[in-house]
Amino acid sequence: KTSVDIILIQTFSDSEFIIIIDGSTEDTGTILDRLASQDSRIKVIHQENTGLTQALIRGCNQAQGEFIARQDADDYSYPQRLELQLAKIQSSPQIGMVSCSTQYIGPQGEPLTIIQRSESPEIATQELLHARQGPAAHGSVLFRKSVYNAVGGYRPDFYFAQDSDLWLRIAEKAQFASLSQILYLHRREINSTSGVNRAIQLRFGE
């Protein structure tokens, strides 16, 4: 519930909050449905388990706004994240997506490494295209829906590394920018998709 709460108290609040419940068997659905009945910004979509990529495609297709921001279930966005990322992407029509410095944390919240990218959109874009230095975390990104649609969005062929595939196609059409501030916490779990399938993800990424 922490991930949901932090989106609801973002300093930028003129937004819709689409939550995809991808076949969850827990009480999560009931809790989120109750929250949606109390806050008109929340839209909860229940579906049979189809995997992350299909859930992302459905969520992005449902989005009505000019910009789409990601948030993973176990991660945390600082309250100013959306406001600062929107300001950055709106500062130049050439910027198609924005990330931010990200603190990786362990299962109990213990601090691990910090991932940062260049503040220069020109440098960050080149490093993404040619050195595999993309956004610090999948959930840290905000992008233009028009650019997302123009490049074909998430592709279902990529069950893993769907984010790397999308970022590379966006970077061929628009610039990638990153904020120096740490605005996102990404939790690493041993049993997470990344933990269990790391070798497969790397192959997809290549």
> For L82 and T11, what are the C-alpha separation, side-chain angles and deciding distance, and is it a side-chain contact (heavy atoms from CB on, under 4.5 Å)?
CA-CA 8 Å; L82 296 183; T11 54; over 6 Å; no
> What I want to find out is whether D39 reaches R41 closely enough, with some N-O distance under 4.0 Å, to be called a salt bridge.
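Salt bridge present between D39 and R41.
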> Verify the cluster assignment for L56 and W167: are they in a single hydrophobic cluster under the rule of side-chain heavy atoms below 4.5 Å apart?
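Yes.
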> Identify whether I114 and Y76 are in the same connected component of the hydrophobic contact network (ILVMFWY, side-chain heavy atoms under 4.5 Å).
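Both belong to a single hydrophobic cluster.
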> Once you round to the nearest 0.5 Å, how far does CD of Q175 lie from CD1 of I89?
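Separation between the atoms: 11.0 Å.
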> Give the cluster check for V4 versus I20: same hydrophobic cluster or not, with ILVMFWY residues linked at side-chain heavy-atom distances below 4.5 Å.
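Per the 4.5 Å side-chain linkage, V4 and I20 are not co-clustered.
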> Quick one: do F67 and I7 end up in the same hydrophobic cluster if we chain Ile, Leu, Val, Met, Phe, Trp and Tyr together by side-chain heavy atoms under 4.5 Å apart?
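Yes, same cluster.
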> Test of understanding: clusters of I, L, V, M, F, W, Y form through side-chain heavy atoms closer than 4.5 Å, transitively. Do M97 and I123 belong to the same one?
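No, M97 and I123 fall in different hydrophobic clusters.
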> Any side-chain heavy atom of L84 within less than 4.5 Å of one from L183?
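Heavy-atom side-chain distance check passes, below 4.5 Å.
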> Determine, step by step, whether L185 and Y78 satisfy the side-chain contact (heavy atoms from CB on, under 4.5 Å) criterion, reporting the C-alpha distance in whole Å, the side-chain angles of both residues, the deciding distance to 0.1 Å, and the verdict.
CA-CA 8 Å; L185 300 182; Y78 282 88; 3.9 Å; yes
> Give the minimum heavy-atom separation between V147 and G96, together with the two atoms involved.
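That would be CG2-CA, 4.4 Å.
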> Using ring-ring contact (aromatic ring centres under 6.0 Å, His included) as the criterion, point out the one residue from Y154, F160, F143, Y184 that pairs with H138.
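Testing H138 for a ring-ring contact (aromatic ring centres under 6.0 Å, His included) against Y154, F160, F143, Y184 leaves exactly one candidate, Y154.
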> Is there side-chain contact between Q47 and I21, with at least one heavy-atom pair below 4.5 Å?
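No, their side chains stay 4.5 Å or more apart.
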> Kindly compute the distance separating OG (S140) from CD1 (I182), expressed to the nearest 0.5 Å.
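Spacing of OG (S140) from CD1 (I182) equals 12.0 Å.
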> For a 4.5 angstrom cut-off between non-hydrogen side-chain atoms, does R187 reach Y104?
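Heavy-atom side-chain distance check fails, nothing below 4.5 Å.
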> Check whether more than 12 heavy atoms from other residues, nucleotides or ligands sit under 6.0 Å from atom CD of Q38, and answer yes or no.
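Atom CD in Q38 is packed in, count exceeds 12.
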> When rounded to the nearest 0.5 angstrom, what distance separates CG in L142 from CZ in F12?
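Reported value, rounded in 0.5 Å steps: 9.0 Å.
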> Over all heavy atoms of both residues, which pair between A174 and T125 is shortest? Give the atoms and the distance, please.
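Looks like O-CG2, 4.2 Å.
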> Rounded at 0.5 Å granularity, tell me how far CZ in F17 sits from OG in S40.
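Interatomic distance, F17 CZ to S40 OG, rounded to 0.5 Å: 13.5 Å.
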> Does L32 reach the side chain of I42, with side-chain heavy atoms less than 4.5 Å apart?
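Heavy-atom side-chain distance check fails, nothing below 4.5 Å.
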> List the steps, then state whether side-chain contact (heavy atoms from CB on, under 4.5 Å) holds for R117 with S99.
CA-CA 9 Å; R117 301 301 184 217; S99 182; 6.0 Å; no
> C100 and Q181: which non-hydrogen atoms are nearest, and at how many Å?
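In this case the closest contact between C100 and Q181 is CB-O, 3.8 Å.
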> For residues R81 and Q85, is any side-chain donor paired with an opposing acceptor at under 3.5 Å?
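Yes, side-chain donor-acceptor contact under 3.5 Å.
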> Nearest 0.5 Å, please: how far is CG in L168 from CG in L129?
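Rounded to the nearest 0.5 Å, the CG-CG separation comes to 6.5 Å.
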> Mind checking whether Q126 and E122 have side chains closer than 4.5 Å, heavy atoms only?
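Side-chain contact under 4.5 Å: no.
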> Heavy atoms only: give me the nearest P79-Q10 pair and the separation to one decimal.
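Heavy atoms of P79 and Q10 come nearest at O-OE1, 3.0 Å.
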> List the atom of Q162, the atom of T53, and the distance in Å for their closest heavy-atom pair.
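What the structure gives for the nearest pair is NE2-OG1, 2.8 Å.
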> Are a donor atom and an acceptor atom from the side chains of H46 and D22 found within less than 3.5 Å of each other?
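Short answer, no.
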> Would you compute the distance between atom CD1 of I105 and atom CD of E189 and round it to the nearest 0.5 angstrom?
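Spacing of CD1 (I105) from CD (E189) equals 8.5 Å.
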> Taking the side chain as C-beta and beyond, is there a heavy-atom pair between K43 and I19 under 4.5 Å?
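K43 vs I19: side chains apart.
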> Please examine the side chains of K173 and V151, heavy atoms only from C-beta on, and report whether any two atoms are closer than 4.5 Å.
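When only atoms from C-beta onward are counted, K173 and V151 do touch, with a gap below 4.5 Å.
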> Check whether any side-chain heavy atom of F176 sits under 4.5 Å from a side-chain heavy atom of I170, and report yes or no.
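No; the side chains remain at least 4.5 Å from each other.
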> Would you say the side-chain atoms of K88 pair up with the backbone N or O of V98, donor to acceptor, closer than 3.5 Å?
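Flag not set: sc K88 to bb V98 has no pair under 3.5 Å.
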> Look at the side chain of D75 and the backbone N and O of Q71, then say whether any donor-acceptor pair between them is shorter than 3.5 Å.
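Pair absent, no side-chain N/O of D75 close to backbone of Q71.
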> Heavy atoms only: give me the nearest Q103-T113 pair and the separation to one decimal.
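Heavy atoms only, the tightest pair is NE2-O, 3.4 Å.
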